[in-house]
**Q** 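Below are the structure tokens for one structure; questions will follow.
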Amino acid sequence: VQLQASGGGLVQAGGSLRLSCAASGSIRSIEAMDWYRQAPGKQRELVAAMTAGGHTNYADSVKGRFTISRDNAKNTVYLQMNSLKPEDTAVYYCHAGLIRYWSGSYESERWGQGTQVTVSS
């Protein structure tokens, strides 16, 4: 499977961005699709996660501002980011957990390439 992320960019504080991440391949299902971020000099952290059944989890720092959603039929996950702050500046990575293929095989996880989000003050 390949995870292709898009939607990053430069935005002023208070603005919005929408990230997308599409998984391609002969995929039967993906249990979890998540967004992580890593700022310079910091560890990678979970931003938002969503299971195939719709259960969501957010980092406290983004609750009420970010919304994760999925289109299971398209194996795509989105991250709507509103009221962006300079501290949201980071490289954002999409992550897929427990990927099942139509061949019957599975993969425990896969990371996508990062997309840069820069929020200016």
Side-chain angles (χ1 to χ4, degrees):
V1 64
Q2 287 191 332
L3 300 179
Q4 184 67 43
S6 61
L10 173 64
V11 65
Q12 288 187 332
S16 298
L17 283 174
R18 189 188 193 215
L19 306 183
S20 300
C21 177
S24 60
S26 186
I27 301 167
R28 179 179 179 182
S29 66
I30 302 175
E31 176 54 29
M33 296 191 80
D34 324 304
W35 289 97
Y36 286 75
R37 68 186 180 188
Q38 187 167 21
K42 295 188 177 181
Q43 289 188 333
R44 189 173 296 188
E45 63 174 356
L46 177 67
V47 176
M50 190 169 189
T51 67
H55 179 76
T56 59
N57 185 36
Y58 294 93
D60 288 342
S61 60
V62 306
K63 284 180 181 177
R65 300 187 298 121
F66 291 9
T67 302
I68 189 170
S69 60
R70 285 178 63 164
D71 184 334
N72 290 331
K74 295 181 179 179
N75 293 315
T76 300
V77 63
Y78 307 95
L79 186 67
Q80 178 66 44
M81 305 185 293
N82 298 329
S83 302
L84 282 160
K85 304 176 180 180
E87 51 263 44
D88 294 318
T89 295
V91 177
Y92 284 69
Y93 298 89
C94 64
H95 171 266
L98 191 53
I99 306 155
R100 293 186 173 92
Y101 299 99
W102 287 108
S103 65
S105 64
Y106 72 93
E107 191 171 358
S108 60
E109 65 173 353
R110 180 67 71 108
W111 289 92
Q113 94 287 3
T115 184
Q116 177 71 47
V117 171
T118 303
V119 184
S120 63
S121 57

**Q** Does a side-chain N-to-carboxylate-O contact under 4.0 Å join Lys63 and Asp60?
**A** yes

**Q** Test salt bridge (Lys or Arg N to Asp or Glu O under 4.0 Å) on Lys42 and Glu45 and set out the steps.
**A** CA-CA 9 Å; Lys42 295 188 177 181; Glu45 63 174 356; over 6 Å; no

**Q** Please state whether the rings of His95 and Trp111 are parallel, tilted or perpendicular, taking 30° and 60° as the class boundaries.
**A** tilted

**Q** Taking the side chain as every heavy atom from C-beta outward, state whether Val119 and Leu10 have any atom pair closer than 4.5 Å.
**A** no

**Q** List the atom of Ala23, the atom of Val1, and the distance in Å for their closest heavy-atom pair.
**A** CB-CG2, 3.8 Å

**Q** Which residue is it: Asn72, Thr56, Thr67? I am looking for the one with a side-chain contact (heavy atoms from CB on, under 4.5 Å) to Met50.
**A** Thr56

**Q** Side chains of Val117 and Met81: closer than 4.5 Å at any heavy-atom pair?
**A** yes

**Q** Side chains of Ile99 and Asn75: does their closest heavy-atom pair fall under 4.5 Å?
**A** no

**Q** What is the distance from atom OG of Ser121 to atom CD of Gln12, rounded to the nearest 0.5 Å?
**A** 9.5 Å

**Q** Can you confirm whether or not the ring centre of Trp35 sits under 6.0 Å from the ring centre of Phe66?
**A** no

**Q** Are a donor atom and an acceptor atom from the side chains of Thr118 and Gln116 found within less than 3.5 Å of each other?
**A** yes

**Q** Do Val91 and Thr115 come close enough that some side-chain heavy atom pair is under 4.5 Å?
**A** no

**Q** Measure across Leu17 and Gly8 and return the closest heavy-atom pair with its distance rounded to 0.1 Å.
**A** CD1-C, 4.5 Å

**Q** Minimum heavy-atom separation for Glu31 to Arg70, with atom names?
**A** O-NH1, 3.1 Å

**Q** Once rounded to the nearest 0.5 Å, what's the spacing between atom OG of Ser6 and atom CZ of Arg18?
**A** 9.5 Å

**Q** Would you mind reporting whether Met33 and Thr76 have side-chain heavy atoms less than 4.5 Å apart?
**A** no

**Q** Please report the interatomic distance OG1(Thr51) to CG(Asn57), rounded to the nearest 0.5 Å.
**A** 10.0 Å

**Q** With a 4.5 Å cut-off on side-chain heavy-atom distances among I, L, V, M, F, W and Y, is there a chain of contacts connecting Ile30 to Tyr101?
**A** yes

**Q** Go through the steps to decide whether Arg100 and Glu107 satisfy the test side-chain contact (heavy atoms from CB on, under 4.5 Å), and finish with yes or no.
**A** CA-CA 7 Å; Arg100 293 186 173 92; Glu107 191 171 358; over 6 Å; no

**Q** Could you tell me if Arg37 sits above the aromatic ring of Tyr93, with its cationic atom closer than 6.0 Å to the ring centre and no more than 45 degrees from the axis?
**A** no

**Q** For Ala49 and Asp34, which heavy atoms make the closest approach, and how far apart are they?
**A** CB-OD1, 3.1 Å

**Q** Determine whether Ser24 and Gln4 make a side-chain contact, defined as any pair of heavy atoms from C-beta on separated by less than 4.5 Å.
**A** no

**Q** In Å, rounded to the nearest 0.5 Å, how long is the span from SG of Cys94 to CD of Gln113?
**A** 6.5 Å

**Q** Are Leu79 and Tyr92 side-chain neighbours, meaning at least one heavy-atom pair lies under 4.5 Å?
**A** yes

**Q** Do Ile68 and Tyr78 have side chains that get closer than 4.5 Å, going by heavy atoms?
**A** no

**Q** Working to the nearest 0.5 Å, report the span between CD1 of Ile27 and CZ of Arg110.
**A** 9.5 Å

